[in-house]
Each structure stands twice: as C-alpha cells, then as structure tokens.
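If you read the sequence from its start, that first residue is 1, and numbering goes on from there.
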Amino acid sequence: MSSDLGTRLGIQSWCFRAFKTHEQVIGALAGCKVDKIELSVAHLDPGKEPDMAGVLDVYRKAGVTVSSYGVFGIGEDEAAARPVFEFAKLADIPVLSADIRPGGLEVAERLCTEYGKKIAIHNHGRRHRLGPVWALQELFDKSSDNVGLCLDTAWMIDSGEDAVKVARQFADRLYGVHLKDFVFDRAGKPEDVVVGEGNLDLPAMLAFLIEMGFDGYFTLEYEGDVDNPTPAVAACVEAIRKTLKSLG
C-alpha cells in the first residue's frame with residue numbers, strides 16, 4: 001500500500017501558479033518526477049475555458065493524469081458551478097476539491113447526484129468558516145456522503161489541531177489529502193516548508209493513510225518560492241517517498 005501511495009502522489013498546480021503555460025507546468029512535474037496533477041484555477045477556469053477537452057489532451061499526451069480539480073467555491077449560483085462538474089466528467093475525476101459557501105450545500109448535493117461526483121471540503125485554517133473541526137462536523141452531519149473532506153494538513157495545524165487525529169476522526173469522509181507543512185513565526189503567521197520539516201508528523205500521517213487504505217486523491221501542496229518552486233517541491237516529493245519506503 002505504501003508504494004501505491006507513492007505512485008498516486010500528485011501536485012497541486014497552485015504550486016506552479018507563476019508558470020503560465022501547461023507546457024511549463026508539465027516540465028515542472030517532470031522535474032519533480034511526478035505524473036499526476038490536481039489542476040487549479042491558476043491553470044484552468046472551466047467557466048472561461050472554451051476547450052477543456054483540448055487542455056486535458058495536452059496533459060494526457062505528456063503522460064500526466066489529472067487527479068482532481070480545485071479548490072473551487074460553490075454557492076447558490078448553480079450555473080457558475082456546473083462547468084466545474086462538466087470538467088470532472090470530461091476528466092473522469094471522481095472527487096473535486098471545494099469550498100461550500102453559504103447557501104451552497106443544496107446546489108452541491110444536487111450537482112453531485114446529477115454528475116455522479118463527490119466534493120471534498122478544503123479546510124483553510126483558523127480564519128476560515130470551515131476551518132475548525134466542529135464546523136466540518138456540523139456540515140457532515142447535515143449532508144450526504146456526496147460531501148467529504150480534503151484534509152489540508154498544514155491548515156489543520158493552523159487551526160490548532162493534530163492533522164493525524166482529524167484524519168482518523170473523519171476517515172469515512174476523507175476523500176482527498178493536501179499534504180502540506182507549516183512553521184509559524186511569533187505572530188502566528190504560517191510559512192511553507194518541505195513536508196516533515198515543520199509541524200506535520202509526516203510518518204504518522206502516511207502510516208495512518210496506509211492503515212485506513214486511503215484511496216482518495218493524494219496531493220502535495222507547497223506555496224512558497226513562487227517564482228522558483230520546483231526545487232522545494234521536488235524535495236517534498238523525495239521526503240514523502242523516502243518516508244513511505246521506511247514504512248514498508
């Protein structure tokens with residue numbers, strides 16, 4: 001199972017947001033020895049892209065699999081959300097990374113049912129309305145299993161939580177993971193670091209994913225070094241694979 005996680009590892013395209021072409025993104029992925037990507041609005045906006053199939057073809061021809069899309073906001077405007085689900089259908093993506101805005105749950109449930117897809121809520125720290133564990137629990141209590149969690153490990157730490165314990169708590173709704181790590185300055189401001197070098201217990205996190213047989217999308221995210229992220233992202237990939245190897 002550990003080797004399976006290693007081969008399923010993808011990178012969030014937001015890491016490469018300074019790269020403006022798909023070819024640049026593909027080159028960065030190759031430099032990190034990864035062939036899967038979770039596309040973000042930095043490189044594809046389904047509501048504005050007239051040739052989504054053409055974009056997918058660029059990645060497929062390069063041997064890159066689009067493992068998910070997001071994080072996209074879903075509110076009361078169903079027409080605004082529908083193109084994202086159309087992209088998920090084209091790309092054969094089972095789960096989308098999302099942020100449900102006030103009034104958006106009914107729309108999300110309806111579109112998930114219509115398209116046969118699920119959404120995974122991305123927690124975004126202590127200042128985010130769905131950042132706290134209690135807020136996620138409230139959401140899951142009133143939603144179907146169309147709605148789950150994309151656990152961003154660093155932002156969960158920002159919320160003052162143990163990311164591994166939260167993964168265990170929401171194991172039945174854990175549809176995606178953004179593997180990410182933070183350190184904090186004296187004012188509590190977060191800074192991205194190579195995973196495992198900050199506050200994330202990387203071995204424990206990966207061991208739990210192996211234990212539970214996690215089969216959702218598995219995405220690395222590193223938001224630092226905007227103009228030249230590839231060296232740090234590649235170091236993150238190496239740290240993850242080295243840790244997985246040590247776990248057997």
Restricting to non-hydrogen atoms, name the atom on [X] and the atom on [Y] that form the minimum distance, rounded to 0.1 Å.
X	Y	result
Ala42	Arg17	CB-CB, 3.9 Å
Leu202	Val195	CD2-O, 3.9 Å
Asn146	Thr113	ND2-OG1, 3.4 Å
Leu220	Cys15	O-SG, 4.0 Å
Ile119	Cys112	CG2-SG, 3.8 Å
Gly10	Val34	CA-CG1, 4.0 Å

May I ask you to test the [X]-[Y] pair for a side-chain heavy-atom distance under 4.5 Å?
X	Y	answer
Ser40	Gln12	yes
His122	Asp99	no
Lys180	Asp192	yes

Distance (rounded to the nearest 0.5 Å) between Leu174 CG and Leu209 CG: 6.5 Å

NE2-CG distance between His178 and Leu149, expressed to the nearest 0.5 angstrom: 10.5 Å

Before you tell me yes or no, could you show the steps for Arg168 and Glu211 under salt bridge (charged side-chain N to carboxylate O under 4.0 Å, His left out), namely the whole-Å CA-CA distance, both residues' side-chain angles and the distance that decides it to 0.1 Å? CA-CA 10 Å; Arg168 191 174 295 276; Glu211 174 192 329; 3.2 Å; yes

Test of understanding: with side chain to side chain donor-acceptor pair (under 3.5 Å), list the residues that count as partners of Thr153, not counting sequence neighbours. none

Identify every side-chain donor-acceptor pair in residues 228-241 under 3.5 Å, counting partners at least two apart or on other chains, and give the distances.
residue, atom, partner, partner atom, Å
Arg241, NH1, Lys33, O, 2.9
Arg241, NH2, Lys33, O, 3.2

Judged by atom type as modelled, is there a donor-acceptor pair below 3.5 Å linking the side chain of [X] to the main-chain atoms of [Y]?
X	Y	answer
Asn123	Leu130	no
Arg129	Ile100	yes
Lys36	Val64	no
Thr65	Ser67	no
Arg173	Gln137	no
Glu109	Glu106	no

Given Ser97, which partner from the list Tyr217, Tyr175, Tyr69 fulfils the side chain to side chain donor-acceptor pair (under 3.5 Å) test? Tyr217

Can you tell me which residue pairs pass the ring pair (Phe, Tyr, Trp, His ring centres under 6.0 Å) test with a partner in residues 42-65, sequence neighbours excluded? His22-Tyr59

On the 0 to 90° scale, with breaks at 30° and 60°, tag the Phe19-Phe16 ring pair as parallel, tilted or perpendicular. parallel

Give a yes or no on whether a salt bridge exists between Lys165 and Glu161, defined as a side-chain N under 4.0 angstrom from a carboxylate O. no

Strictly below 4.0 Å, N to O, side chains only: are Glu78 and Arg82 in salt-bridge contact? yes

